[in-house]
There are 2 protein chains.
Amino acid sequence: MQLDDRKKKILHAIIRNYLETGEPVGSRTISKYTDLNLSSATIRNEMSDLEEMGLIIQPHTSAGRIPSDMGYRLYVDTMLEDKEREITEMKELMIQKADRMEQVLKQVVKILAANTNYTSIISAPRMHHNKLKFIQLSQVDEHQILAVIVVEGNLVQNKMFQVEEPIDNETLLKLNILLNTSLNGLTLEEINLGMIAKMKEQAGIHSQVVSSVLDAIAESIQVEEEEMEIYTSGTTNILKYPELSDNDRAAQLLGALEDKKPLAGLLEDSQEHENSTGIQVYIGSETPVQNMKDCSVVTATYDLGDGMHGTVGIIGPKRMDYDKVIGTMKTLMAQLDGIYKRKESDD
Amino acid sequence: MQLDDRKKKILHAIIRNYLETGEPVGSRTISKYTDLNLSSATIRNEMSDLEEMGLIIQPHTSAGRIPSDMGYRLYVDTMLEDKEREITEMKELMIQKADRMEQVLKQVVKILAANTNYTSIISAPRMHHNKLKFIQLSQVDEHQILAVIVVEGNLVQNKMFQVEEPIDNETLLKLNILLNTSLNGLTLEEINLGMIAKMKEQAGIHSQVVSSVLDAIAESIQVEEEEMEIYTSGTTNILKYPELSDNDRAAQLLGALEDKKPLAGLLEDSQEHENSTGIQVYIGSETPVQNMKDCSVVTATYDLGDGMHGTVGIIGPKRMDYDKVIGTMKTLMAQLDGIYKRKESDD
DNA sequence: TGTTAGCACTCTATATAAACGAGTGCTAAT
DNA sequence: ATTAGCACTCGTTTATATAGAGTGCTAACA
């Protein structure tokens with residue numbers, strides 16, 4: 001069967017209406033809602049066709065139709081116009097706090113959730129492929145050394161560790177130079193056993209300190225590994241949509257949102273399947289997370305520059321306002337893109 | 001009317017039973033449940049008295065009784081035995097990650113939520129009255145200076161800022177010495193305008209850098225101020241209790257939990273009203289947060305040593321297992337108490 | 001005087017049935 | 001090709017009956 005122009009219009013009307021009301025939509029509604037000037041009977045015939053094509057579904061015999069996953073898919077793929085929306089407050093807020101990436105991310109999810117009325121999540125950039133930029137050891141007090149590790153993108157990690165006895169200033173300076181000359185410019189993967197051995201040799205009596213620093217580096221990576229940093233906001237928004245808020249489903253969903261492990265999987269998956277637009281839409285059962293099969297998820301990959309990239313996602317009911325969400329995502333991505341890179345070249 | 005021993009026992013039995021089942025409890029149940037060997041009729045008389053005294057309530061004429069807020073209050077105040085419970089895993093996990101306070105706190109809420117099946121929250125210690133311990137400026141690259149600020153309790157703050165042109169090593173060293181000698185040992189409030197002027201004078205041409213550092217210090221405090229850091233865990237646990245999980249109530253509650261502003265108020269309030277045991281119980285309408293008037297909240301103040309103290313809370317249904325919760329809280333507090341102080345004296 | 005068995009009464013929760021109404025599919029007329 | 005009309009379906013709502021848990025009260029008992 002052919003999906004002619006009229007069928008498209010009707011499908012579009014059905015979906016739009018369903019997005020608004022969350023109720024199955026009947027032929028009469030469409031007959032009035034559109035400017036096609038067709039009677040409900042005609043619409044009924046068309047709807048029957050659309051159902052046959054798998055684009056809409058009848059929840060039960062005598063109910064209106066709701067979009068199927070496939071219907072949504074078509075809607076998302078072909079029927080959305082690109083609307084540019086101004087989210088000026090975003091930009092301001094982001095630039096303001098740009099010196100702390102964590103803050104930026106938290107800000108972003110918050111704004112997204114507030115703007116869309118859905119749940120939003122964001123993953124912090126992984127630092128694997130980032131280059132070490134700077135290492136500094138300081139003697140904080142008699143028995144404690146503070147290691148400050150800066151990687152590209154000005155991500156700062158602190159690690160405090162104990163030493164048996166104070167290290168004098170000069171030695172500390174030497175160690176600092178050793179560490180910086182040996183490690184600077186390397187990605188975290190490039191630090192291998194051979195180098196470590198060499199550095200320890202040069203550090204002589206203080207090889208223990210070198211070990212500690214390397215441990216610190218390793219540890220700070222590992223933390224990111226085992227539980228990828230993820231921020232969420234507006235988790236309770238899902239309670240606003242009756243089809244998700246009945247008790248079992250809501251508990252499952254909120255549970256998944258709190259757990260963050262499944263979320264990590266989701267965001268990773270979306271990065272793998274990245275397409276040209278950078279925006280991914282999972283509809284219903286398309287999502288890799290079982291608990292979210294009644295939801296839709298829109299994800300986008302951001303790139304802050306300096307190799308820092310992560311994923312941001314919006315989770316809502318299948319009848320989410322794809323148009324608005326994708327629009328918001330796009331402008332947001334535009335704002336985030338290279339926010340750090342730009343900053344550096346600004347100076 | 002007198003609350004004699006038998007009445008106490010019956011009230012106790014009613015509450016315990018209600019905590020378990022969440023259903024109104026009838027006279028027959030109590031008659032069998034207790035070892036009083038009384039008939040249901042007698043119990044009925046006693047219950048009638050207890051109701052008259054305002055300790056229990058009938059939801060409707062022909063239902064069993066449930067505890068009133070007052071009844072819970074009595075239960076909490078007088079009827080709980082101090083049971084010591086072992087939460088060994090807590091200690092281990094905490095010591096493990098003790099070098100990052102943030103991690104410790106996150107760990108603590110998680111464990112609490114998991115152990116009790118209620119929602120738990122914790123506030124990060126305020127740093128107001130902490131002394132500055134160490135300041136270090138480093139030249140990260142041509143135009144960027146990293147300031148690392150360590151306060152008592154090894155709380156580390158990083159702040160990156162821009163400079164017009166590179167500062168040579170020697171000058172940086174001097175600035176470091178200046179900052180450290182001027183500011184070390186001071187609480188953040190003690191830094192006044194006079195000192196600042198003096199330092200700027202000594203810094204001469206680099207007074208700008210001093211300003212930046214002071215700004216950084218001020219800013220890092222301010223962040224804590226405006227939105228007190230609060231971690232939550234197990235928020236979805238409340239959905240396990242039918243009396244809280246109907247749609248409206250649940251949405252309100254979860255909203256309040258996500259917002260964190262009301263939570264901050266709650267935790268502050270509890271710190272103000274601290275009593276000798278360090279543990280506070282808010283039952284139903286006693287809580288300062290409107291949205292939680294159907295819940296009970298148990299809070300406790302912890303003290304990590306070095307003036308770092310904050311509050312931890314557990315939020316659950318009014319029929320929460322006060323006994324267990326308070327027990328858990330107590331042992332937890334014991335674990336947390338002076339965890340940093342102890343650590344330092346260990347070395 | 002305290003305790004208890006018994007019973008009528010109350011009120012919710014559950015089950016069952018009936019009425020309603022939104023929406024469909026089909027047919028026949030335009 | 002479109003549409004009016006109509007019988008039919010099926011979930012939702014409303015009404016009604018029933019069951020059961022629990023109470024308060026009374027009277028009997030130790």
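Note on naming: letters A, B, ... go to the chains in the order of the sequence lines (proteins, then strands), and numbering restarts at 1 for each one.
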In whole angstrom, give the distance that lies between atom CG of B:D49 and atom P of D:dC25. 12 Å
Nearest heavy-atom pair of B:M292 and B:T287: which atoms, and what distance? O-CG2, 3.5 Å
B:R6 CZ to C:dT4 C1': how many Å, rounded? 12 Å
Any donor-acceptor pair under 3.5 Å linking the side-chain atoms of B:R28 with those of B:S40? no
Applying side-chain contact (heavy atoms from CB on, under 4.5 Å) between B:I230 and each of B:I122, B:L257, B:L267, report the one that passes. B:L267
Scan nucleotides 17-24 of chain C nucleotide by nucleotide, 5' to 3', and note B when protein non-hydrogen atoms come under 4.0 Å of the base, S if they reach only the sugar-phosphate, - if neither. -----BSB
Rounded to whole angstroms, how far apart are CD1 on B:I10 and C1' on C:dG2? 13 Å
Between atom CG in B:N45 and atom P in D:dA28, what is the gap in whole Å? 17 Å
For A:D49, is there an ion pair with A:K7 - N to carboxylate O distance below 4.0 angstrom? yes
Worked verdict on A:K318 versus A:D294 for salt bridge (Lys or Arg N to Asp or Glu O under 4.0 Å): CA-CA 7 Å; A:K318 287 206 282 197; A:D294 297 312; 5.4 Å; no
Answer yes when B:R319 and B:E243 have at least one side-chain N-carboxylate O distance shorter than 4.0 Å, and no when they do not. yes
Rounded distance in Å - CG (B:N17) to C1' (D:dG22): 14 Å
If I take atom CD1 in residue B:I43 and atom P in nucleotide C:dT3, what distance separates them, rounded to the nearest angstrom? 10 Å
Taking for B:H60 and for B:A41 the nucleotide of DNA chain C with the nearest heavy atom, the one nearer the 5' end belongs to B:A41
Send over the distance from B:E23 CD to D:dG22 C1', rounded to a whole Å. 13 Å
From CG of B:L38 across to C1' of C:dG2 the rounded distance in Å is 10 Å
